[in-house]
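Here's the structure, in structure tokens; my notes come after.
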Amino acid sequence: MTTPICALCEKEINERNDTKEHIIPNAIGGRRKVKGFICVDCNNTSGNDWESALAKQLNPLNLFFGISRERGEAPSQLFETTGGDKFKLHLNGSMDIEKPLYSETPLESGSGMQIQITARSPSEAKRMLQGVKRKYPQVDLNELLDNAQYESSYCSDMLKFNLSFGGHKAGRSIVKSALALAVSSGIPTEVCVEATNYLRKEEGGACFGYFYEFDLIKNRPEGTPLHCVSIKGCSKTKQVIGYVEYFGVQRVVLCLSDTYEGENISNTYAINPITGEELNLVVKLDLSNRDIRQAYGYKKIPEGSVEAIFDKVISKGMKVSLEKEKDRVLNQAVKYAFENCGAKEGEILMPEHINKLAELVMENLEPFMSHQFSLSRNKK
């Protein structure tokens with residue numbers, strides 16, 4: 001049995017330095033892992049460098065679709081709205097203001113000061129009020145806390161998502177994913193010269209390009225922001241070619257080798273990153289060397305093709321986001337209502353408790369319902 005070598009540093013892989021490498025990075029929802037591909041040191045280094053660059057580019061889509069990760073969560077991110085405000089978007093779809101707001105305005109009578117605080121959470125509001133108490137000892141902190149109003153609202157403007165694809169770090173992550181699937185499918189690392197030259201050498205030429213001329217996935221689930229890695233080794237064309245797609249919108253073709261003489265091999269791994277569900281896709285990689293080289297030169301991106309793809313996927317994402325927000329708001333409203341209806345845990349609910357429950361639930365649902373009414377009115 002041949003001892004595997006690390007695809008990046010060429011060290012022999014053994015029990016001590018072997019590691020599980022995600023084919024699709026965990027940072028964007030990947031699940032399946034392979035062993036005997038790269039050593040633990042290269043896994044850590046490439047993860048901190050290449051995968052981090054890719055994850056940073058795609059994080060707005062992580063948050064927009066609310067992806068499910070095997071480990072950890074997509075980090076919250078600050079976005080600017082079309083109106084110039086800044087909000088931090090979280091994975092559950094909720095948003096916070098960029099930072100807490102504090103203002104002091106002298107009263108016209110000259111007998112006092114009006115203090116206004118806008119905080120992102122009750123605990124943050126309490127800390128700020130404690131600061132007010134230190135500055136103005138005469139303030140009744142308990143009274144301030146009792147009179148504080150906790151409310152939620154919806155942003156009236158659109159968030160601006162500035163997406164960018166590419167660059168050598170993110171590009172190397174994409175190539176590494178295709179190579180991982182190829183090697184785990186039985187194609188030796190040393191055969192994939194174009195891929196290893198790019199991954200191992202800082203000055204190595206990129207072996208990938210963007211492809212939107214037609215859909216390579218023949219049974220695409222409509223509107224699903226899927227991730228897909230597919231490879232094909234063909235002895236007739238002497239090519240090992242690959243296809244990597246993320247969120248249904250970033251579509252890349254690759255040439256891992258143009259000197260392949262092994263058995264004909266093809267393999268595909270695809271998932272829905274929202275649920276983690278594996279998808280059974282048919283990918284037709286019947287591309288010539290000329291097709292791939294033209295993709296390297298950005299000649300496989302017909303006018304309007306990228307926009308059309310985004311429109312389909314983002315429309316589905318909007319529906320997913322609405323359902324997720326509806327569930328979040330309802331669960332939060334019911335939880336708040338039970339905690340504040342006056343009944344203690346384990347007690348039988350009396351009519352006054354039930355009436356209070358209904359009142360509090362509707363009160364907490366009101367911002368969501370008003371926002372949806374406003375959106376539907378604007379569409380007409």
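Counting begins at 1 with the first residue of the sequence.
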### Query
Between CD of Q294 and CG of L287, what distance do you get to the nearest 0.5 Å?
11.0 Å
#### Entry: Chi angles and distances behind the side-chain contact (heavy atoms from CB on, under 4.5 Å) call for H22, R71
CA-CA 12 Å; H22 282 86; R71 185 180 69 252; 4.0 Å; yes
### Query
Is the backbone N or O of P75 less than 3.5 Å from a side-chain atom of N59, with the two atoms forming a donor-acceptor pair by type?
yes
### Query
If two hydrophobic side chains count as joined below 4.5 Å and joins carry through other members, does L256 share a cluster with V283?
no
### Query
Any side-chain heavy atom of I97 sitting closer than 4.5 Å to one from R120?
yes
#### Entry: Presence of salt bridge, K86 and E80, under 4.0 angstrom
no
#### Entry: L8 reachable from V175 in the ILVMFWY side-chain graph, under 4.5 Å edges
yes
#### Entry: Whether over 12 other heavy atoms sit under 6.0 Å from K218 NZ
yes
### Message
With a 4.5 Å cut-off on side-chain heavy-atom distances among I, L, V, M, F, W and Y, is there a chain of contacts connecting F211 to Y246?
### Response
no
### Query
Taking everything shown except N280 itself, do over 12 heavy atoms lie less than 6.0 Å from its CG?
no
### Minimum heavy-atom distance between N272 and I274, given as atom pair plus value
OD1-N, 2.9 Å
### Query
If only atom types and distance count, is the side chain of N14 paired as donor or acceptor with the main-chain N or O of N17 below 3.5 Å?
yes
### Message
Aromatic contact between F247 and F65, with the criterion being ring centroids under 6.0 Å apart: yes or no?
### Response
yes
### Query
Is there a donor-acceptor contact under 3.5 Å from the side chain of R220 to the main chain of D215?
no
### Task
Return yes if a side-chain donor-acceptor contact under 3.5 Å exists between N264 and S235, otherwise no.
yes
### Task
Tell me, yes or no, whether the heavy-atom count around E73 atom CD, taken from other residues, nucleotides or ligands under 6.0 Å, exceeds 12.
no
### Query
Would you say E15 has more than 12 foreign heavy atoms packed within less than 6.0 Å of its CD?
no
## Note on the structure
Residues pairing under salt bridge (Lys or Arg N to Asp or Glu O under 4.0 Å) where one sits in residues 90-107, two or more places apart or in two chains, turn out to be E104-K135
### Task
Taking the side chain as every heavy atom from C-beta outward, state whether P100 and T118 have any atom pair closer than 4.5 Å.
no
#### Entry: Note, L91 side chain near S76 side chain (heavy atom, < 4.5 Å)
no
### Query
Does a salt bridge link K335 with E339, judged by any charged N lying under 4.0 Å from a carboxylate O?
yes
### Task
With rounding to the nearest 0.5 Å, note down the distance linking NZ in K299 to CG in D291.
12.5 Å
### Salt bridge flag under 4.0 Å for residues R200 and E190
no
### Query
According to the interplanar angle, ranging from 0 to 90°, do the rings of Y210 and F165 count as parallel (below 30°), tilted (30 to 60°) or perpendicular (above 60°)?
parallel
### Query
Do R293 and C255 come within less than 4.5 Å of each other through their side chains, counting heavy atoms only?
yes
### Query
Do you know the tightest heavy-atom contact between I23 and A180?
CG1-CB, 4.5 Å
### Query
Crowded around K56 NZ? As in, over 12 foreign heavy atoms under 6.0 Å?
no
### Task
Assess whether side-chain contact (heavy atoms from CB on, under 4.5 Å) is satisfied between T3 and I13, documenting all intermediate values.
CA-CA 7 Å; T3 301; I13 294 178; 5.9 Å; no
### Query
Are P221 and L226 close enough that some pair of their side-chain heavy atoms sits under 4.5 Å apart?
yes
### Query
Which heavy-atom pair separates A295 from V253 by the least distance, and what is that distance?
CB-CG2, 3.5 Å
### Query
Do R32 and E21 meet the salt-bridge criterion of a basic N to acidic O distance under 4.0 Å?
no
### Query
Is K232 salt-bridged to D286, going by a charged N under 4.0 Å from an acidic O?
yes
### Task
Report whether V40 and L179 are members of the same hydrophobic cluster (ILVMFWY, side-chain heavy atoms less than 4.5 Å apart, transitive linking).
no
### Task
Please answer whether the main-chain N or O of V282 pairs with a side-chain N or O of N219 as donor and acceptor at a distance below 3.5 Å.
yes
#### Entry: Hydrophobic cluster membership, I5 vs V183, 4.5 Å side-chain cutoff
no
### Task
Show your reasoning for whether side-chain hydrogen bond (donor to acceptor under 3.5 Å, both in side chains) applies to S173 and E51.
CA-CA 6 Å; S173 175; E51 265 76 84; 2.6 Å; yes
### Message
Please check this pair: side chain of D258 against backbone of Q239, looking for a donor-acceptor N/O pair closer than 3.5 Å.
### Response
no
### Summary
Rounding to 0.5 Å, atoms CE (M95) and OG1 (T81) come to a distance of 9.0 Å
### Query
Taking the side chain as C-beta and beyond, is there a heavy-atom pair between R251 and Y243 under 4.5 Å?
yes
### CA sep, side-chain torsions, deciding dist, call: T237, Y260, side-chain contact (heavy atoms from CB on, under 4.5 Å)
CA-CA 8 Å; T237 62; Y260 182 66; over 6 Å; no
### Message
If I take atom CD1 from residue I241 and atom CG from residue N289, how far apart are they, to the nearest 0.5 angstrom?
### Response
9.5 Å
#### Entry: Check ion pair E213-K300 (N to O, under 4.0 angstrom)
yes
### Query
Side chain of S185, backbone of N267: donor and acceptor closer than 3.5 Å?
no
### Query
Distance-only, no hydrogens or angles: does the T19 side chain make a donor-acceptor pair with backbone N or O of C39 under 3.5 Å?
no
### Query
Do S52 side-chain atoms and G47 backbone N/O form a donor-acceptor pair below 3.5 Å?
yes
### Message
Is there a side-chain contact between T196 and E10 in this structure, where contact means two heavy atoms from C-beta onward sitting under 4.5 Å apart?
### Response
no
### Message
For the SG atom of C42 and the CZ atom of F37, what is their distance to the nearest 0.5 Å?
### Response
10.0 Å
### Summary
Nearest heavy-atom contact between V191 and T259 is O-OG1, 4.2 Å
### Task
Working to the nearest 0.5 Å, report the span between SG of C228 and CG of L216.
9.0 Å
### Message
Looking at Q116, I'd like to know if its CD atom is crowded, meaning that more than 12 non-hydrogen atoms belonging to other residues, nucleotides or ligands lie closer than 6.0 Å.
### Response
no
## Note on the structure
Closest non-hydrogen contact found for L360 with C341 is CD1-N, 4.0 Å
### Query
Within a strict 4.5 Å, meaning less than it, do heavy atoms of the D49 and K169 side chains meet?
yes
### side-chain contact (heavy atoms from CB on, under 4.5 Å) between E222 and V313, worked out
CA-CA 8 Å; E222 192 67 26; V313 175; over 6 Å; no
### Query
Counting distance only, does the side-chain N/O of N48 pair as donor-acceptor with the main-chain N or O of N44 below 3.5 Å?
yes
### Atom of Y336, atom of N340 and distance for their closest heavy-atom approach
O-ND2, 2.8 Å
### Task
Indicate yes or no for a side-chain donor-acceptor contact from H227 to the backbone of I24 under 3.5 Å, with no hydrogens or angles considered.
no
